[in-house]
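In what follows, a single structure is set out as structure tokens and then discussed.
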Amino acid sequence: MDMPVGGFDAQLGVRAEEISAERVELRLPVTPALHQLFGIVHGGVYCALVESAASIGAATWLGDEGRVVGVANQTDFLKAVSGGELFAVGTAVHRGYSQQLWQVHITDGDGQLVARGQVRLQNLRPGGGRRS
């Protein structure tokens, strides 16, 4: 699967490689437009990839039972990148009635871990029904 995503992610150039309730894989070609002043990927790009992978996975899991919103994003920057591609893989740590926690690892084209993060999401359920 190689599908575009919408909104802000589309502006960045993010493509979805896999989307399921268990795992989300995103790919992002690094362009100079994603650089900060010193020629490396801006930290906000990593935060956005972490947020997007977690949100897409959480929303896929919750399905038509409601919507999800991120309430906390904690991202660590581990290695500078100036070109190539970034690959983000998000997996669920916890999925409960009211909240979810997803972790995301971002690697470069050589498979080196360049950033990692986690997002806590609130499940917004209109009917208040429980998921079995």
Hydrophobic cluster identity match, [X] and [Y], side-chain contacts under 4.5 Å:
| X | Y | answer |
| --- | --- | --- |
| Ile40 | Val45 | no |
| Ile19 | Phe87 | no |
| Phe77 | Leu86 | yes |

*asked:* side-chain contact (heavy atoms from CB on, under 4.5 Å) for Val104 and Val119? Distances and angles first, verdict last.
replied: CA-CA 8 Å; Val104 180; Val119 176; 5.7 Å; no

So the side chain to side chain donor-acceptor pair (under 3.5 Å) pairs with at least one residue in residues 114-123 (sequence neighbours excluded) are Asp76-Arg116, Gln99-Gln122, Gln100-Asn123

When rounded to the nearest 0.5 Å, the distance separating CG of Leu101 from CD of Gln103 is 8.0 Å

Exercise. I would like to know whether Leu49 and Val14 meet side-chain contact (heavy atoms from CB on, under 4.5 Å); could you show each step before the answer?
Key: CA-CA 8 Å; Leu49 279 172; Val14 175; 4.0 Å; yes

Cluster membership besides Leu37, Ile/Leu/Val/Met/Phe/Trp/Tyr side chains within less than 4.5 angstrom, sorted by chain and number, is Phe38

Carefully, step by step, assess Arg15 and Glu17 under the rule salt bridge (Lys or Arg N to Asp or Glu O under 4.0 Å).
CA-CA 6 Å; Arg15 306 279 302 182; Glu17 298 289 316; over 6 Å; no

Please find the pair of heavy atoms, one from [X] and one from [Y], that lie closest to each other, and give the distance.
| X | Y | value |
| --- | --- | --- |
| Leu28 | Leu12 | CD1-O, 3.2 Å |
| Gly66 | Pro126 | CA-CD, 3.8 Å |
| Ala53 | Leu26 | N-CD1, 3.6 Å |

Check: Yes or no on side-chain contact (heavy atoms from CB on, under 4.5 Å) for Val68 and Trp102, after CA distance, side-chain angles and deciding distance?
Finding: CA-CA 12 Å; Val68 297; Trp102 283 69; over 6 Å; no

Subject >> salt_bridge(Glu22, Arg95) N-O dist < 4.0 Å >> reply: yes

query: Stepwise, does the side-chain contact (heavy atoms from CB on, under 4.5 Å) test hold for Leu121 with Ser55?
result: CA-CA 7 Å; Leu121 303 109; Ser55 295; 3.6 Å; yes

